[in-house]
Undergrad: 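Please see the structure below; I have some questions.
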Amino acid sequence: MTDDEIKALVLSELGKIAPETYPSQIDPTVELREQVDLDSMDFLNLMIAINEATGIEIPEADYPQLATLDGCVRYLRSRKA
Amino acid sequence: MPSLGADMEAGTVVEWLVKPGDPIKRGDIIAIVDTEKATIEVEAWETGTLEQVLVPVGEKVPVGTVLALIQGAAAEAAQARPPAQARPEVVPAPKPPVVTAPPPPPLLAPKPPRGRPPAGAPRLRISPLAKRIAQELAVDVSKVQGTGPDGAITRADVERAAKAPAPKAPTAPPQAVAPAAAEAPKPAERVRPAIAPQERQAMMRRAIAAAMARSKREIPHYYLAAHIDMSRAMGWLQSENLKRPVANRLLYSVLLLKAVALAIREFPEMNGFCTDGVFRPSDAVHIGVAISLREGGLIAPAIHDVNRKSLEEVMDSLRALVKRVRAGVLRSSEIADATITITSLGEEGVETVFGIIYPPQVALVGFGKIIEQPWAMNGMVGARPVIKATLSADHRASDGHRGALFLAKIDRLLQTPEKL
């Protein structure tokens, strides 16, 4: 997947979890939980959705690396999404 | 109109999913009702045949109003029948609007798959969110071309339609609604008069305020708090989640829910309803989970029979519940029958929360944030993840001594997480 594809995937899954989110308003460097008011259930659902779309198994210990949109792109690229 | 919680006084019928003559099973979703807080799928409490719809789509009626008549099939339903109503079964049984009667037992009948009407009536494919937006923007969804899966109407479709120059459909006139009750609902009639988001907000705030004021006025609260060492629970959870694929992982709140549910076995005076000053414990443990709404406000739908569910099942139920709350569509049974409530503000970083009991319940357990802090034990100090558990309970049902033992029991259960 290209960086843009990864970004689009994360934003589209985020839109399903938090429908009031406008992708254009997401700052890729700021923590998603902070910007979108995600709780732990929302965040877990985001991880599940990414896992389903990419097949990548994300260990719980790696969650902090996926805290921002840029972080998601970096992490998923490194895991060869 | 069922009472879907102490803070509900009225509701608007948005959609009928059955028509006269249709067979109805207990547990079927027969109507959709809009309240200040959410869209509620109303489940039938009786099995029978729908005889007559009494409240048409678009009408707002107070709690206790008879919505429809069901010709009862079973004789055992007779005692629920009001004496004056000799023949047809009433759905739901009328309730006084102010005093909330104990909710009915949980529905055991299998529920129809979501998104499909129990009767054969054709139903528009539209997400609850898109439906709500359509209502707010006064878009006639029957004229919207869906681009989602199977032609479902999405939020984007609705927003596009709202911007299109096509003339807007007038909101359903009241007189057009009456005949609609006698036949399958048409898509156009599903669009109820729009409630502006700000107005919904104000209504919800008033509803919450009314219920909480009543709670503070009528319930003699007492409050207790205890620190609980969470190192064993969190350690167990971490190693457990390491073994699990992401879709099967557990959240620590599931451990808290289960611990409270199991502790209730020994403390029935924390679980049930106090109506007119008389406390009736409940055999079932339905835990209301306070979930904040994205648009603001709060709702506390129940997870049923938590004491009898495995951690996985509690997790699945919690996940499904959060999903339905987020989508703004809940079921009547999960809204009406919580026997105790848990509130957890740990996500927001709060250390301690003393909740207000949700009448007619008699207890509320609060959990704050898990904080790593110094913990002295056996003359040694170490750093432990610690959570503050609180209890707000009703003096008409219990006292502080029992409340303290209840919190201690929750603590003990959390020290052996593998047994939860």
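Below, read A as the first sequence line, B as the second, and so on, with proteins coming before strands; counting in each chain starts at 1. Everything numeric here is computed off the predicted structure, so don't read it as measured data. Hydrogens, waters and symmetry mates play no part in the numbers below; they use all other heavy atoms, side chains included.
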Undergrad: Between A/Asp37, A/Ile50, A/Asp42, who has the most heavy-atom pairs with chain B when the cutoff is under 4.5 Å?
TA: A/Asp42
Undergrad: Rounded to the nearest 0.5 Å, what separation is found between the CG atom of B/Leu321 and the CE atom of A/Met41?
TA: 9.0 Å
Undergrad: A quick test of your reading: do over 12 heavy atoms of other residues, nucleotides or ligands sit less than 6.0 Å from CZ of B/Arg232?
TA: no
Undergrad: Are B/Arg249 and A/Glu57 within salt-bridge range, i.e. N to O under 4.0 Å?
TA: yes
Undergrad: Tell me, for B/Leu318 versus chain A, whether the close heavy atoms (under 4.5 Å) come from the side chain, the backbone, both or neither.
TA: both
Undergrad: Let me confirm one number: the CD1-CG distance from A/Ile48 to B/Asn248, rounded to the nearest 0.5 Å.
TA: 8.0 Å
Undergrad: Please step through side-chain contact (heavy atoms from CB on, under 4.5 Å) for the pair B/Arg319 and A/Asn45, ending with a clear verdict.
TA: CA-CA 9 Å; B/Arg319 188 199 311 282; A/Asn45 283 335; 3.1 Å; yes
Undergrad: So A/Ile58 and B/Val246, side-chain contact (heavy atoms from CB on, under 4.5 Å) or not? Walk me through it.
TA: CA-CA 7 Å; A/Ile58 307 166; B/Val246 62; 5.5 Å; no
Undergrad: Considering only heavy atoms, which portion of A/Ala18 lies under 4.5 Å from any heavy atom of chain B: side chain, backbone, both, or neither?
TA: both
Undergrad: Can you tell me which residue pairs pass the ring-ring contact (aromatic ring centres under 6.0 Å, His included) test with a partner in residues 26-69 of chain A, sequence neighbours excluded?
TA: A/Phe43-A/Tyr63
Undergrad: Between atom CE of B/Met315 and atom CG of A/Leu44, what is the distance when rounded to the nearest 0.5 Å?
TA: 5.0 Å
Undergrad: Nearest 0.5 Å, what's the NZ-CD1 distance between B/Lys323 and A/Ile17?
TA: 8.5 Å
Undergrad: Counting heavy atoms not belonging to B/Glu312, are there more than 12 under 6.0 Å from its CD?
TA: yes
